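Below is one structure; the comments refer to it alone.
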Number of protein chains: 2
Amino acid sequence: MERLIHGRPYAETEHGPVFRPCAPHSVLARLGDKWTILVMSHLAVASGHRLRFSELKKGIEGITQRMLTVTLRNLERDGLLLRHYFPEVPPRVEYELTEMGASMLPALEGFTTWIRENWPRIEACRRVHDEGQDRTVVRKARSPRA
Amino acid sequence: MERLIHGRPYAETEHGPVFRPCAPHSVLARLGDKWTILVMSHLAVASGHRLRFSELKKGIEGITQRMLTVTLRNLERDGLLLRHYFPEVPPRVEYELTEMGASMLPALEGFTTWIRENWPRIEACRRVHDEGQDRTVVRKARSPRA
DNA sequence: CAGCATCCCTCTAGATACTG
DNA sequence: CAGTATCTAGAGGGATGCTG
């Protein structure tokens with residue numbers, strides 16, 4: 001028996017529900033990395049929806065050449081991004097979201113709205129929780145991350 | 001000047017758009033980790049919307065005690081999860097999503113729908129791309145991850 | 001039962017140097 | 001300009017052992 005809960009497929013078994021090994025996870029993991037969403041967002045708002053490597057690098061504070069390259073290659077591999085190479089001297093490369101890539105951000109919009117609305121509360125919860133931990137001993141914060 | 005694009009705030013500068021240091025990223029990074037969504041999904045569909053530690057462990061294939069504990073503590077820290085401790089012998093602990101936690105999965109639904117619809121295409125793109133790389137030399141696939 | 005503590009290994013991101 | 005190659009520090013995650 002296959003059902004959907006919150007858009008996720010799962011099977012009902014005798015031991016309770018079991019969720020699928022999770023195709024969504026692979027996508028969420030990609031989005032959860034440090035630079036992917038920033039790159040996609042910049043391409044989405046760019047005039048002509050295209051940007052050169054150096055324009056992306058300038059527009060994204062703190063990204064290194066290497067990480068920009070890696071992020072772009074991963075997006076290209078997933079079919080979310082096109083790479084246009086112009087063999088000039090000096091070389092010019094332009095990046096552009098594919099149709100699928102461009103359709104992803106609007107699909108995410110409902111969730112980003114939720115995040116914006118709930119973020120202050122999440123932050124407040126973290127502060128309260130972390131203070132409660134800091135009795136007499138300084139402990140490592142649990143995955144600060146960002 | 002502050003605007004919204006796809007639900008994300010950004011500022012228009014003389015050098016082009018600059019996105020905020022990204023509150024959403026911290027949330028997406030949490031969701032992108034290996035177990036968080038599985039834990040939340042199980043709690044969402046559980047009868048009574050509560051599960052014991054051991055029930056979660058049994059319901060999530062492959063998770064270790066340590067990772068389940070870490071995941072639960074992180075969710076608790078963010079105010080997405082409540083921990084109910086019953087000082088019996090042997091001890092019993094039940095976990096339950098908070099109102100905020102329960103509201104997160106429905107907010108994510110639009111996006112998980114997008115993922116389900118586009119996942120086959122993403123997979124196909126990856127296969128094609130990876131084959132194109134495998135000329136004469138076997139290279140490491142770029143972040144297989146899942 | 002529901003954990004915490006510890007060890008260890010892998011993978012990632014960042015820094016740096018070099019190149020077509 | 002737009003990368004690639006290499007090195008390293010640190011986080012994430014698994015295995016194991018111990019405990020209130």
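Because the structure is a prediction, the values reported are computed rather than measured. Lettering of chains follows the sequences in order, A, B, ..., and the numbering in each one begins at 1.
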Kindly point out which of C/dC4, C/dA13, C/dC1 is positioned nearest to the side chain of B/Pro90? C/dC1

Heavy atoms under 4.0 Å, any strand shown: does B/Lys34 hit a base, just sugar-phosphate, or nothing? sugar-phosphate

For the helix from C/dC1-D/dG20 to C/dG20-D/dC1, measure the angle between the helix axis at one end and the axis at the other, each built from five pairs, rounding to 10°. 50°

Starting at the 5' end of DNA chain C and moving along, which residue's nearest nucleotide shows up first, B/Ser54 or B/Arg66? B/Ser54

Enter the distance from A/Leu81:CG to A/Asn74:CG here, rounded to the nearest 0.5 Å. 10.5 Å

Which part of the nucleic acid does B/Tyr95 contact within heavy-atom distance under 4.0 Å: base, sugar-phosphate only, or nothing? sugar-phosphate

Please determine, for the side chain of B/Phe53, which listed nucleotide (C/dG3, D/dC1, D/dG3) has the closest atom? C/dG3

Counting just side-chain N and O atoms, does B/Arg52 come under 4.0 Å of either OP1 or OP2 of C/dA2? yes

Mind calculating the distance between CG (A/Leu68) and P (C/dG14) to the nearest angstrom? 12 Å

Whole-Å distance between D/dA2 P and A/Leu51 CG? 11 Å

Rounded to whole angstroms, how far apart are CE on A/Met67 and C1' on C/dC11? 11 Å

Heavy-atom distance under 4.5 Å between the side chains of A/Tyr95 and A/Leu75, does that happen here? no

Return the value, rounded to whole Å, for the distance between atom CD of B/Glu61 and atom P of D/dG14. 13 Å

Separation of C/dT19 atom P from A/Gln65 atom CD, nearest Å, is 15 Å

Less than 3.5 Å apart, which donor and acceptor atoms pair up between the side chains of residues 60-69 of chain B and the rest of the protein, not counting sequence neighbours?
| residue | atom | partner | partner atom | Å |
| --- | --- | --- | --- | --- |
| B/Thr64 | OG1 | B/Met67 | N | 3.2 |
| B/Thr69 | OG1 | B/Gln65 | O | 2.9 |

Ignoring the backbone of A/Arg92, work out which of D/dA2, D/dG3, C/dG3 is nearest its side chain. D/dA2

Any sub-3.5 Å donor-acceptor pair from A/His84's side-chain atoms to A/Val93's backbone N or O? no

Residue pair A/Thr64/A/Pro91 against DNA chain C: nearer the 5' end by closest nucleotide is A/Thr64

Phosphate OP1/OP2 of C/dA2 contacted by B/Arg73 side-chain N/O (<4.0 Å): no

Identify, with sequence neighbours excluded, every residue that meets ring pair (Phe, Tyr, Trp, His ring centres under 6.0 Å) alongside B/Trp35. none

If you measure from CG on A/Leu82 to CD on A/Glu99, what distance do you get to the nearest 0.5 Å? 11.0 Å

From CG of A/Asn74 over to P of D/dG3, roughly how many Å is that when rounded to an integer? 14 Å

I'd like to know if A/Arg50 and A/Glu94 make a salt bridge, using a cut-off of under 4.0 Å between side-chain N and carboxylate O. yes

Rounded to whole angstroms, how far apart are NZ on A/Lys57 and P on D/dG3? 12 Å

For C/dG14, does OP1 or OP2 lie under 4.0 Å from any side-chain N or O of A/Trp35? yes

